[in-house]
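What follows is a single structure, written as structure tokens, with notes after it.
When a ligand or atom number is given, it counts from 1 through the structure's own listing order. The residues of the chain are indexed from 1 along the displayed sequence.
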Amino acid sequence: MHPLLHVLPEVAEALAAGRPVVALESTVIAHGLPRPDNLAMARDMQAAVRAHGAVPATLALMDGRIRVGLSDAELERLATAREVRKVSRRDLAAVLARGELGATTVAGTLACAALAGIRLFATGGLGGVHRGGELSLDVSADLPELARSPLGVVCAGAKSVLDLPRTLEVLESLGVPVVGYGTGHFPAFFCQDSGLALPHRVDGPREAARMLAAHFAICPGGVVLAQPPPAGACLPATEVEALVAEAEVEARHQGVSGPALTPFLLARLVARSGGRTLAVNQALLLANAAAAADIAVALAAGS
Ligand code: PSU
Ligand code: MN
């Protein structure tokens, strides 16, 4: 193992034995969800992974090491600390060298999970091309990192606050497969369907595992497995569009940009929807954790 990695014994044993492990990110805990729901969700996601037969490994930076798997006390520290850095690929070295507390984004988690040899990762929504990104060039580092790190990433598509058609264009250019998990369309995070057709679809964990095994055998980088949010939890697309448009105006007026933009927009949506976007976010995080565990089990079984 890499000297900067500190792997929880339970996770290290599972990896060494070829048993299923699912990586979980920590930006969603530290910056993506309001407190105290964030700690409850961090615990519930780990429990969902376990209930579906895999070992959860939440990733974060602590005391100068990349932590792969956190104890409950460490999860609590991450969810309640006053200052937590948002760590993408570009931030890894600086935060490690200073020994700061860091929550890894999808990009940061992918980079670290790849070092540890983890094959599955569950998150909520990917980062992507922000609206207006064709001029601002605000394109999440999640996209190039997906092209580098050999993991299957179960998500509900990319966040509704993004430009979804351009996000898919960039993923195509990068050669990252975007596969519908039980759907033929790219989901839109808070909504089941963005209206954007996907070129490939798999149904169920065994089909997903077979596709991942073929990809890992012949291609570098990862695979996006896009699962629609649970039907009962979804919001109407027109309502989400109106909420996002309002939140975008607020961000512009307050001069919010860069890494602060995504957490700002998500928090404004929670406030403006009276908590309804939070309920969808929580439901899809749990569903994605469960699906990633199912796929990790199938992949470990070689089916
Ligand atoms: N999806 C969520 N909540 C989040 C994020 C995604 O439901 O908080 C986080 C992820 O960690 C993702 C990051 O990698 O937002 C993207 O941020 P940016 O657009 O600054 O790259
Ligand atoms: Mn950005």
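The side-chain heavy atoms of Val129 and Leu164, taken from C-beta on, include no pair separated by under 4.5 Å. Contact annotation: the side chain of Leu285 approaches that of Val28 to within less than 4.5 Å [non-hydrogen atoms, C-beta and beyond]. The shortest side-chain heavy-atom distance between Leu39 and Glu76 falls under the 4.5 Å cut-off. Using a 4.5 Å heavy-atom threshold, the side chains of Leu59 and Leu24 count as separate.
Counting only distance, with no hydrogens or angles, the side chain of Arg35 and the backbone of Ala79 share a donor-acceptor pair below 3.5 Å.
What sits closest to atom 21 (O) of ligand 1 on the protein, heavy atoms only, is Ser140 OG, 2.7 Å. When only non-hydrogen protein atoms are considered, atom 15 (O) of ligand 1 lies nearest to Lys159 NZ, 3.0 Å. Ranking the protein heavy atoms by distance from atom 1 (N) of ligand 1 puts Gly125 O, 3.0 Å first. In terms of protein heavy atoms, atom 19 (O) of ligand 1 is closest to Thr262 OG1, 2.8 Å.
Between Gly127 and ligand 1, not a single N/O pair is under 3.5 Å apart. The shortest N or O to N or O distance between Thr123 and ligand 1 is not below 3.5 Å. Of the polar atoms of Thr104, none of the N or O atoms is found under 3.5 Å from an N or O of ligand 1, judged by distance alone. Considering backbone and side-chain N/O of Phe189, none are found under 3.5 Å from N/O of ligand 1.
Residue His130 has at least one heavy-atom neighbour below 4.0 Å for each of these atoms of ligand 1: 19 (O). Those atoms of ligand 1 that come under 4.0 Å of a heavy atom in Glu25, given as number and element, are 10 (C), 11 (O). Taking every heavy atom of Asp142 and a limit of under 4.0 angstrom, the matching atoms of ligand 1 come to 12 (C), 14 (O), 16 (C). Atom numbering of ligand 1 starts at 1 in the shown order; those under 4.0 Å from a heavy atom of Gly32 are 8 (O). Taking every heavy atom of Lys86 and a limit of under 4.0 angstrom, the matching atoms of ligand 1 come to 17 (O), 18 (P), 20 (O).
With a heavy-atom cut-off of 4.0 Å, Leu266 touches ligand 1 through its side chain alone. Using a 4.0 Å cut-off between heavy atoms, Asn281 contacts ligand 1 through its side chain alone, with no backbone atom that close. Here His31 has no heavy atoms under 4.0 Å from ligand 1, in either its backbone or its side chain. By the criterion of a heavy-atom distance under 4.0 Å, both the backbone and the side chain of Val28 are placed next to ligand 1. Of all the heavy atoms of Thr105, the ones lying under 4.0 Å from any atom of ligand 1 are found in both the backbone and the side chain.
Listed by chain and number, the residues in a side-chain contact (heavy atoms from CB on, under 4.5 Å) with Arg119 are Pro150, Phe216, Leu299 (sequence neighbours excluded). Legend: residues meeting side-chain contact (heavy atoms from CB on, under 4.5 Å) with Val270, ordered by chain and number and at least two apart, are Thr277, Leu278.
Excluding waters, the protein N/O/S atoms found under 2.8 Å from the Mn ion (ligand 2) are Asp138 OD1.
Sequence neighbours left out, the pairs with a member in residues 124-134 that pass side chain to side chain donor-acceptor pair (under 3.5 Å) are His130-Thr262, Arg131-Glu241.
A salt bridge links Arg43 with Asp72; the closest basic N to acidic carboxylate O contact falls under 4.0 Å. Using a 4.0 Å cut-off between a side-chain N of Lys or Arg and a carboxylate O of Asp or Glu, Asp63 and Arg77 qualify as a salt bridge. The residues Glu250 and Arg272 are annotated as salt-bridged, a charged nitrogen and a carboxylate oxygen being separated by less than 4.0 angstrom. A salt bridge does not link Glu10 with Arg19: every distance from a Lys NZ or Arg NE/NH1/NH2 to an Asp or Glu carboxylate oxygen is 4.0 Å or more.
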Start with the C-alpha distance between Ser26 and Thr104, add both sets of side-chain angles, then the distance that settles side chain to side chain donor-acceptor pair (under 3.5 Å), and finish with yes or no. CA-CA 5 Å; Ser26 43; Thr104 48; 3.2 Å; yes
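Thr123 and Glu25 share a side-chain donor-acceptor pair at under 3.5 Å.
Gly124 and Leu284 get closest at one heavy-atom pair: CA-CD1, 3.5 Å.
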